[in-house]
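Computed from a predicted model, the values in this text were never measured in an experiment.
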Amino acid sequence: MTGLRERLRKIWKNARFRIVFWATLTGLLCGISGIGFAVEDVLASVRDYFRRHPSGGEVALVLQDSRTLDRLGKIDVSRGNDADVLEALFQAGAKRVFFDRALREDDDGDGNRRLIAALKKYQGRVYLGALPSSDGKNTGNFASNLPSPAFREHARIVSLMALKHPLELNLSFPFSSESPVGRLRTIPATIADVDEAPDQLFQPDFSIDYRTIPSVSYIDVMKGSFQTENVRGKDVIVAPGSVAYNDIHFMPGGQGYAAGGYFHAIAAETLLHGLPIRLGWFPPFLLVFAIVVSGVGRGRVLDVYRFTGLAAVLIAAPFVLDYVRIHVEIFPALAVATVAVFRMRNLDRVEVAEETNAVSGLPSAHALRNLDAMSTKILVALKIRNYGAIIGSFAEHVEAQMAHEIVRRIRISDHDVTVYHEGGMFLWLSNIRSTFDLFENLEGLHRIVQNGIQVGGLDIDLSFNCGIDSEFDRSVSSRVASAMQSAEEAVRNDELFYQHDSRKHEAQWEISLLTQLDRAIDNGEVWVAYQPKLDVKTNAITGAEALVRWTHPERGPISPDKFIRIAEEFHRIERITRFVINDAVRVAVDLASQGHDISISVNISAQLLRNPGLPGMISEILALHGLSSERLILEITETDRLDRSSRTFQMLQRLIQSGLRLSIDDFGTGNATIDYLRYLPATEVKIDKVFIQAMEANRQDHLLVQSIIEMAHSLDRTVVAEGVETGTALEILKGMGCDMIQGYYVCRPVPFPDLVERMAGEHERLSG
């Protein structure tokens with residue numbers, strides 16, 4: 001089980017797998033939820049526009065248009081008029097007549113009788129429409145608004161129901177509808193003689209140009225002044241055609257607005273040519289998923305083959321299938337392709353940038369670290385000892401030229417090797433199989449380089465040392481650090497080369513840790529996490545503490561206590577502190593630009609408080625980013641016992657005078673006692689987490705925390721409780737009057753993007 005979890009964890013760590021996973025999940029959610037319905041309508045409308053073709057002419061329209069109403073001098077036609085139109089249409093050879101209205105009896109009794117007579121005469125050939133209820137009592141596919149009973153006795157009834165899509169970008173027709181008199185087929189289904197259940201829908205082929213459907217004016221039919229071939233042998237739909245009837249709708253396929261009768265005619269013609277088939281969204285989704293999965297390698301997701309495949313599935317196939325009345329939904333597949341292609345292309349660019357040295361254009365050491373494969377070749381790391389001095393002494397272009405000259409000399413005896421470049425370090429997997437032969441080769445290379453190289457007319461003297469790793473039972477990625485550490489060891493021992501030995505590795509680990517630290521900062525292995533501080537009264541995040549972290553490529557997370565202790569011991573803490581302060585100030589400025597006015601706290605080592613350059617370093621960073629000094633809090637812990645004449649106290653006074661704020665960290669432990677409150681010019685006191693986590697179960701710790709809060713408040717200090725992990729602890733501290741809390745109950749230390757997300761959510765909550 002543990003092995004399975006490890007394998008799954010390793011798979012999940014693969015960035016390309018995660019991209020495919022989230023792209024697939026996005027597509028599935030889009031398909032299941034139907035969120036892309038409107039987009040499908042737009043895409044179908046575009047395809048219909050390019051497929052537009054004339055009508056087959058099987059169905060004709062008689063329109064009760066504005067000219068009809070003007071000639072009749074009425075706001076609507078009468079039943080007598082309908083009787084005249086029926087007689088004229090059947091005399092002209094019409095097959096059947098469908099009224100796109102629910103006909104009601106009017107005040108003209110003679111007109112009603114004439115219409116009933118016409119219905120009797122042509123019984124079985126006239127269909128009257130049924131509409132949904134106008135009072136909204138009946139919903140769904142239920143046609144409750146029926147023609148008058150006197151008309152229904154001698155005519156058949158058809159449903160006029162249609163389903164409008166979101167934003168009215170398209171519509172679908174049911175094959176039939178329920179009604180008070182039983183199931184009714186719709187006009188299109190009746191004309192095409194298709195009998196399907198009420199819960200089934202179909203979408204008309206809106207590539208049919210409605211302007212080519214045979215149509216005549218209602219008044220011309222009444223007067224007998226129309227071309228009879230327009231209706232002879234056809235099913236005729238009598239429909240409102242004037243804006244006065246409020247039956248003008250947007251026609252998909254870019255055809256503008258048209259009378260409702262045209263929709264029935266197009267739907268009927270669609271069914272006459274064959275029952276549409278809906279394959280849904282899953283087949284194209286599955287095809288695109290297969291294409292994406294086949295292209296997870298770098299640079300493959302949008303190569304010519306997969307681009308052609310995506311274009312075929314998302315563009316060509318839906319277009320061709322529409323011709324044979326097969327409809328597919330492509331939005332979920334499009335979502336998969338968009339997410340996968342966009343993110344993989346970005347990842348490609350990032351990886352190429354990460355794996356290419358920006359100065360020399362050579363592959364970077366990061367590319368070698370990403371090489372998980374095993375290799376039986378000896379890994380060599382060559383370190384130029386005076387690299388920094390050379391780069392600092394010459395123009396920028398010299399570095400790239402010098403790197404290529406070094407590579408050229410490496411390849412003189414070690415042909416066709418790929419050389420990886422990182423700062424003053426050059427790495428390659430040697431083609432020389434024997435360690436002894438490789439040592440001789442490196443000695444020869446050293447003699448060549450000792451003579452100096454010429455770059456741009458300048459003579460440059462070089463000196464280098466080499467580290468070698470020949471342990472082939474480990475992957476190349478895990479051997480990179482070993483080779484580089486061995487090169488550093490060769491420099492320290494002033495030896496030409498030093499071979500890695502895993503048996504000595506653990507004993508040398510802490511010693512070599514220091515040599516890796518600067519490079520780890522440059523490589524991004526060292527980073528800054530941020531833990532928010534919550535204001536107890538307002539329940540809002542008002543600050544955050546910057547905490548340094550180191551994620552080693554081989555050993556994973558390294559305890560800050562370990563590498564900070566070593567950095568202090570060897571007087572290298574200033575580099576880490578500068579890195580953290582710079583990142584913290586940048587973060588504070590970034591958050592301020594997003595509307596989050598919070599302070600950022602940074603831990604300052606006691607060793608640095610004796611460094612006279614500390615105030616200048618902090619001021620330089622603040623000025624570089626444009627941050628006000630009062631927004632930065634320096635947390636002081638475990639200094640020497642305070643004396644007003646001591647260098648430490650004088651340094652603290654200088655920091656206060658520069659506008660910075662001080663915080664007493666881990667109060668209650670070590671030297672952080674009441675003397676601090678009396679003499680240290682701090683504005684904030686942080687109670688150590690040991691007391692906070694014990695106070696729930698221990699009355700003495702409870703009283704101690706309460707005493708610290710009261711004492712700090714009496715001296716006008718803000719109190720922060722560290723290590724708050726439960727809601728109970730928060731309620732206790734709130735009752736004591738504690739100002740702020742910090743701990744896992746609020747949030748663990750997180751990378752800056754996660755802090756931004758947390759702050760954005762907090763801002764929305766408070767705004768709401």
Quick one: do Phe691 and Asn698 satisfy side-chain contact (heavy atoms from CB on, under 4.5 Å)? Show the steps, please.
CA-CA 9 Å; Phe691 304 108; Asn698 189 307; over 6 Å; no
Are the charged groups of Asp739 and Arg717 less than 4.0 angstrom apart, N to O? no
Taking every heavy atom of Glu422 against every heavy atom of Asn523, the minimum-distance pair comes out as OE2-ND2, 3.5 Å
Rounded to the nearest 0.5 Å, the CD1 atom of Ile573 sits from the CZ atom of Phe563 at a distance of 8.5 Å
Minimal heavy-atom distance between Tyr745 and Gly727, with the atoms involved, is CE1-N, 3.3 Å
Check: Taking the side chain from His421 and the backbone from Gly423, do they hold a donor-acceptor pair closer than 3.5 Å?
Finding: yes
> Within the distance-only criterion (no hydrogens, no angle test), does the side chain of Ser463 pair as donor or acceptor with the backbone N or O of Arg385 below 3.5 angstrom?
Replying inline: no
Shortest non-hydrogen pair, Ser663 vs Ile633, comes out as CB-CG2, 3.7 Å
Inset, instruction - Would you check if Leu704 and Gln700 make a side-chain contact, meaning some heavy-atom pair closer than 4.5 Å? - result: no
Cation-pi geometry met for Arg748 and Tyr744 (6.0 Å, 45°): yes
Counting distance only, does the side-chain N/O of Arg661 pair as donor-acceptor with the main-chain N or O of Ala682 below 3.5 Å?
-> no
Step by step, work out the side-chain contact (heavy atoms from CB on, under 4.5 Å) result for Met651 and Arg610.
CA-CA 7 Å; Met651 172 61 72; Arg610 293 186 286 273; over 6 Å; no
*Val685 versus Met711: any side-chain heavy-atom pair under 4.5 Å?*
no
State, yes or no, whether a side-chain contact exists between Leu368 and Leu379 at a heavy-atom distance under 4.5 Å.
yes
Student check: side-chain heavy atoms of Ile600 and Val585 closer than 4.5 Å = no
Partner of Lys533 under salt bridge (Lys or Arg N to Asp or Glu O under 4.0 Å), picked from Glu545, Glu722, Glu684, is Glu684
For residues Tyr498 and Asn465, determine if any side-chain heavy atom of one lies less than 4.5 Å from a side-chain heavy atom of the other.
-> no
Original post:
Considering only heavy atoms from C-beta outward, does the side chain of Pro560 approach that of Arg549 to under 4.5 Å?
Top reply: yes
One should read off an interatomic distance between Asp583 CG and Ile621 CD1, to the nearest 0.5 angstrom, of 10.5 Å
Here the gap from Leu634 atom CG to Leu608 atom CG, rounded to the nearest 0.5 Å, amounts to 10.5 Å
The reported gap from CD in Gln693 to CG in Asp701 (rounded to nearest 0.5 angstrom) is 11.0 Å
inquiry  = Run Ile384 and Phe426 through side-chain contact (heavy atoms from CB on, under 4.5 Å) and show every step you take.
reply    = CA-CA 8 Å; Ile384 305 297; Phe426 295 83; 3.9 Å; yes
*Would you say the side chains of Asn346 and Arg343 form a donor-acceptor pair under 3.5 Å?*
no
- Less than 4.0 Å between a side-chain N and a carboxylate O, is that true for Asp348 and Arg345? no
Between the OG atom in Ser707 and the CE atom in Met736, the distance rounded to the nearest 0.5 Å is 8.5 Å
In terms of heavy-atom contacts, Leu755 and Pro532 come closest through CD1-CG, 3.8 Å
#### Entry: Side chain Ser619, main chain Gly616, donor-acceptor under 3.5 Å
no
Between Ser628 and Arg631, is there a donor-acceptor pair closer than 3.5 Å when you use the side chain of the first and the backbone of the second? no
Aromatic ring pairing Phe17/Trp12, orientation class (parallel under 30°, perpendicular over 60°, tilted between): perpendicular
Separation between OG (Ser605) and CD1 (Ile576), nearest 0.5 Å, reads 9.5 Å
Q | Pair Glu471-Ser482, side-chain donor/acceptor within less than 3.5 Å | A | no
Got Asp590 and Ser593 here, is their nearest side-chain heavy-atom distance under 4.5 Å? yes
Minimal heavy-atom distance between Met425 and Leu427, with the atoms involved, is CG-CD1, 3.9 Å
For this session: Please test Val20 against Met344 for side-chain contact (heavy atoms from CB on, under 4.5 Å), starting from the C-alpha separation and ending with a verdict.
Result: CA-CA 9 Å; Val20 172; Met344 282 196 187; 3.4 Å; yes
- Task: Return yes when atom CG of Asp716 has more than 12 non-hydrogen atoms of other residues, nucleotides or ligands closer than 6.0 Å, and no otherwise.
- Result: no
> Would you say the side chain of Thr718 lies within less than 4.5 Å of the side chain of Thr683, judging by non-hydrogen atoms?
Replying inline: no
Note: Val526 and Phe579 closest approach over all heavy atoms is O-CZ, 3.3 Å
| message | Testing the 3.5 Å rule here: is there a donor-acceptor pair between the side chains of Ser475 and Ser477? | response | yes
